[in-house]
Amino acid sequence: MNVAIIGPTGYVGIELLRLLYKHPHVNIHSIHSSSKVDTPLHEYFPHVHGMLSLQLEEIDVEKIAKACDVVFFATPSGIAKELALPFIDKGIRIIDLSGDFRLQEEGMYEQWYKNQPAPMSYVQQAVYGLSEWNKENIRDANVLSNPGCYATAALLGLAPLLVHGVIEEDSIVIDAKSGVSGAGKSPTMMTHFPETNENIKIYRMNEHQHIPEIEQQLAKWNKNVAPITFSTHLLPVTRGIMATMYGKVKKEESIERLINLYKECYQDCSFVRIQEKGIYPSIKQVYGSNCCDIGIAYDERTSRVTIVSVIDNVMKGAAGQAVQNFNIMYGLDERTGLDFLPIFP
Ligand SMILES: NC(=O)C1=CN([C@@H]2O[C@H](COP(=O)(O)OP(=O)(O)OC[C@H]3O[C@@H](n4cnc5c(N)ncnc54)[C@H](OP(=O)(O)O)[C@@H]3O)[C@@H](O)[C@H]2O)C=CC1
Ligand SMILES: CC(=O)N[C@@H](CCC(=O)OP(=O)(O)O)C(=O)O
């Protein structure tokens, strides 16, 4: 398949390129930039020198559409909602890694992204690419909306509890933490080294754009789900997300039953690894991989279950899951191009 990448100079775009470069069914036809046209990629990223001799090109819709089967958008929110439309009209499959096609309910994008949305007729064509839970629809997707990084960690961790009605629907609390690469390559006062190093900060309290995305998917699994409490923190690390989640069980549970439930739900999922009793994952154990590792605890004293879900934000939280979705869309083994161990240490 011939693919084009828009936004390869960003953190997610360059990770996508790293994965697609080794993908046996992909030819990277072209890479496109809005600000560095005609620059060889290695001038911008010295780490690809001698291995990837690609030149950044302008975004010429006609030219890309003529040559490519799929266009990946690794661009900030607000770009694909316009730039992807002519590709969709021409029947070219798109995979958007931003939030532009995720929110299906009218008014939600304006409220949470503070911007005008894509026309609803396009948003409604989009398939939400939470790979493990939406395979049937992903196969036929022409507009694939890749989930947000926090949303991926949270939803994979909560799914079994909601699908099987284990917890009270109004008891969900998600406490999430991300490495700084989650904020993209442009430094800000929030992400600047002296501000983040040896520090931990909470940000966008009760206003994070992944709140409606998570609630939208939880409601598909369980229509009684009430608004969630979701807080996000910046960690002084480059990659990694840890989402620690709490819910009150409806009836007495046991840790053995809960772990079995998770193992059954994810038995056919290569990338979701359920930890044994008493073991809780750390972000380092999924670094550079497409894995989501999940640990489960149950406290009989409080009747609360605690779920710890970790991913690499740039991989399973973005580029890795996008490649997994590409594989599903083309009927390939979903591990194609992704079947490697995490980097350790
Ligand atoms: N970082 C992460 O962990 C995650 C990110 N995402 C989402 O993925 C997307 C990319 O994120 P990330 O790589 O971190 O962001 P970056 O800011 O690192 O990179 C975004 C890239 O988009 C390109 N771009 C900017 N404006 C335009 C434009 N008008 N037209 C075309 N291209 C443009 C820029 O390249 P150039 O100047 O060369 O055009 C830039 O390199 C975002 O929507 C983000 O929310 C989702 C999950 C996780
Ligand atoms: C650390 C950090 O800043 N992380 C980003 C998550 C990026 C992401 O997934 O955002 P989109 O919904 O725009 O795709 C954030 O909190 O906004």
Side-chain angles (χ1 to χ4, degrees), residues 4-18 31-39 41 43-45 54-61 64 71-84 95-103 108-109 112-115 128-130 145-155 176-191 195-196 200-205 207-214 216 230-243 283 311-322:
I5 303 173
I6 304 189
T9 55
Y11 286 162
V12 167
I14 189 63
E15 187 75 338
L16 203 47
L17 204 51
R18 183 173 77 93
I31 57 172
H32 303 269
S33 168
S34 64
S35 65
K36 293 162 201 75
V37 177
D38 293 337
T39 311
L41 188 66
E43 274 185 20
Y44 191 69
F45 285 127
L54 289 165
Q55 180 109 339
L56 291 158
E57 298 178 24
E58 65 176 334
I59 305 165
D60 180 331
V61 174
I64 299 170
V71 180
F72 288 88
F73 285 85
T75 46
S77 292
I79 307 296
K81 75 184 174 82
E82 287 170 11
L83 199 51
I95 297 181
D96 177 34
L97 290 101
S98 82
D100 281 5
F101 295 95
R102 292 185 200 142
L103 302 179
M108 282 288 154
Y109 187 86
W112 293 89
Y113 282 83
K114 314 276 185 258
N115 199 351
Y128 189 59
L130 189 66
S145 176
N146 217 57
C149 46
Y150 284 119
T152 298
L155 289 169
K177 299 160 193 78
S178 173
V180 186
S181 62
K185 68 175 184 184
S186 304
T188 63
M189 276 313 287
M190 166 91 175
T191 59
E195 306 277 334
T196 52
I200 178 162
K201 292 188 210 179
I202 192 159
Y203 69 100
R204 253 176 270 156
M205 175 69 90
E207 289 182 353
H208 197 279
Q209 73 275 13
H210 291 179
I211 290 173
E213 182 181 336
I214 296 169
Q216 174 177 278
F230 176 67
S231 52
T232 46
H233 307 75
L234 197 63
L235 287 180
V237 300
T238 303
R239 288 172 184 237
I241 283 184
M242 176 179 280
I283 52 173
I311 59 170
D312 179 323
N313 53 292
V314 194
M315 283 291 294
K316 183 62 175 166
Q321 186 156 233

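One is the number of the first residue; the rest follow in order along the sequence. In listed order, ligands and their atoms are each counted from 1.
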Q | Candidate pair Ser178 and Thr232, rule side chain to side chain contact (heavy atoms under 4.5 Å, CB included), full reasoning | A | CA-CA 7 Å; Ser178 173; Thr232 46; over 6 Å; no
Q: Check step by step if side chain to side chain contact (heavy atoms under 4.5 Å, CB included) holds for Ile283 and Lys177.
A: CA-CA 10 Å; Ile283 52 173; Lys177 299 160 193 78; over 6 Å; no
(Q) Please determine whether side chain to side chain contact (heavy atoms under 4.5 Å, CB included) holds for the pair Gln209 and Leu103, giving the CA-CA distance in whole Å, both sets of side-chain angles, and the decisive distance to 0.1 Å. (A) CA-CA 10 Å; Gln209 73 275 13; Leu103 302 179; over 6 Å; no
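The structure places CG of Asn313 at 4.0 Å from OG of Ser181, a figure rounded to the nearest 0.5 Å. Between the CZ atom in Arg204 and the NE2 atom in His233 there is a gap of 13.5 Å [rounded to 0.5 Å]. Thr191 OG1 to Met189 CE: the interatomic distance, rounded to the nearest 0.5 Å, is 9.5 Å. To the nearest 0.5 Å, atoms CD1 (Ile5) and CG (Leu17) are separated by 4.5 Å.
Looking at heavy atoms from C-beta onward, Lys81 lies in side-chain contact with Asn115 at the 4.5 angstrom threshold. Put simply, the side chain of Leu130 reaches to within 4.5 Å of the side chain of Gln321, judged on heavy atoms. Counting only heavy atoms from C-beta outward, the side chains of Thr9 and Leu56 approach each other to under 4.5 Å. Ile14 has its side chain within reach of Leu41: a pair of non-hydrogen atoms, C-beta onward, lies under 4.5 Å apart.
Residues Glu213 and Tyr150 bring no donor and acceptor atom of their side chains to less than 3.5 Å of each other. Side-chain contact of Arg102 with Gln216: a donor-acceptor pair under 3.5 Å is absent, judged by distance alone.
Scanning the protein for heavy atoms near atom 15 (O) of ligand 1, the closest one is Gly184 CA, 3.9 Å. Protein heavy atom closest to atom 26 (N) of ligand 1, with residue, atom name and distance, is Ser34 OG, 3.9 Å. The closest protein non-hydrogen atom to atom 3 (O) of ligand 1 is Asn313 ND2, 2.8 Å. For atom 11 (O) of ligand 1, the closest non-hydrogen atom on the protein side is Val12 CG2, 3.8 Å. The protein atom (non-hydrogen) at minimum distance from atom 14 (O) of ligand 2 is Arg102 NH2, 2.9 Å. For atom 29 (N) of ligand 1, the closest heavy atom belonging to the protein is Ile79 CD1, 3.2 Å. Shortest contact from atom 8 (O) of ligand 1 to any protein heavy atom: Leu97 O, 3.4 Å. For atom 2 (C) of ligand 2, the closest heavy atom belonging to the protein is Tyr203 OH, 3.2 Å. Taking atom 12 (O) of ligand 2 as the reference point, the nearest protein heavy-atom neighbour is His210 NE2, 2.6 Å. Counting only heavy atoms of the protein, atom 4 (N) of ligand 2 lies nearest to Gly182 O, 3.2 Å. Closest to atom 35 (O) of ligand 1 among all protein heavy atoms lies Thr9 OG1, 2.8 Å. Atom 25 (C) of ligand 1 has as its closest protein heavy atom Pro76 CD, 3.6 Å.
With Gly7, Ser35, Ala74 as candidates, the residue nearest to atom 20 (C) of ligand 1 on a non-hydrogen basis is Ala74. Taking each of Ala183, Gly78, Ala318, Gly317 in turn, the one with a heavy atom nearest to atom 3 (O) of ligand 2 proves to be Ala183.
Contacts between Lys185 and ligand 1, counted as non-hydrogen atom pairs separated by less than 4.0 Å, involve both the backbone and the side chain. Residue-level proximity to ligand 2 for Tyr113 is carried by the side chain, the only part with a heavy atom below 4.0 angstrom. At a heavy-atom distance under 4.0 Å, no atom of Leu56 approaches ligand 1. With a heavy-atom cut-off of 4.0 Å, Thr75 touches ligand 1 through backbone and side chain alike.
Of all the heavy atoms in Ala176 and Phe230, the pair that sits closest is CB-CE1, 4.1 Å. Here the closest heavy-atom approach between residue Pro147 and residue Thr152 is recorded as CB-OG1, 3.5 Å. Residues Ala318 and Asn146 approach most closely at O-ND2, 3.0 Å, considering heavy atoms. Gly10 and Lys185 get closest at one heavy-atom pair: CA-CD, 4.2 Å. Between Ile64 and Ala4 the shortest heavy-atom distance is CG2-CB, 3.7 Å.
Remark: distances from the non-hydrogen atoms of Ser186 to ligand 1 are all 4.0 Å or more. In this structure, Ile14 falls outside the shell of residues with a heavy atom less than 4.0 angstrom from ligand 1.
Distance check for atom 45 (O) of ligand 1: every protein heavy atom is found at 4.0 Å or beyond.
For ligand 2, the atoms closer than 4.0 angstrom to any heavy atom of His208 are 15 (C), 16 (O), 17 (O). Listed by atom number, the atoms of ligand 1 under 4.0 Å from Ile59 heavy atoms are 31 (C). The ligand atoms of ligand 2 that sit less than 4.0 angstrom from a heavy atom of Gly179 are 1 (C). Heavy-atom contacts of Tyr150 reach the following atoms of ligand 2: 16 (O) (cutoff under 4.0 Å). The Ser77 neighbourhood of ligand 2 comprises atoms 13 (O), with distances under 4.0 Å to a heavy atom of that residue. With ligand atoms numbered from 1 in the order given, ligand 1 contributes 36 (P), 38 (O), 39 (O) to contacts under 4.0 Å with heavy atoms of Ser33. Close approach of ligand 1 to Gly182 (heavy-atom distance below 4.0 Å) involves ligand atoms 1 (N), 2 (C), 3 (O). Per-residue contacts place Cys149 under 4.0 angstrom from the following atoms of ligand 2 (heavy atoms of the residue considered): 6 (C), 7 (C), 8 (C), 9 (O). The atoms of ligand 1 that sit less than 4.0 Å from any heavy atom of Lys36 are 37 (O), 38 (O). Ligand-side atoms of ligand 2 in range of Leu234: 1 (C), range being under 4.0 angstrom from any heavy atom. Those atoms of ligand 1 that come under 4.0 Å of a heavy atom in Ser77, given as number and element, are 43 (O).
Between Gly148 and ligand 2, no N or O atom pair is found at a separation short of 3.5 Å. Of the N or O atoms in Arg204, one or more lie within a sub-3.5 Å distance of an N or O in ligand 2. When only interatomic distances are considered, the shortest N/O to N/O separation between Gln209 and ligand 2 falls below 3.5 Å. Looking at ligand 2, you won't find any N or O of Ser98 less than 3.5 Å from one of its N or O atoms. Distances between N or O atoms of Ser178 and those of ligand 2 include no value under 3.5 Å. Where the criterion is an N or O separation shorter than 3.5 Å, residue side chain and backbone included, Cys149 fails it with respect to ligand 1.
Using cut-offs of 30° and 60° on the angle between ring planes, the pair Tyr113 and Tyr109 is parallel.
Note on Arg18 versus Glu15: salt bridge recorded, some NZ/NE/NH1/NH2 to OD/OE distance being below 4.0 Å.
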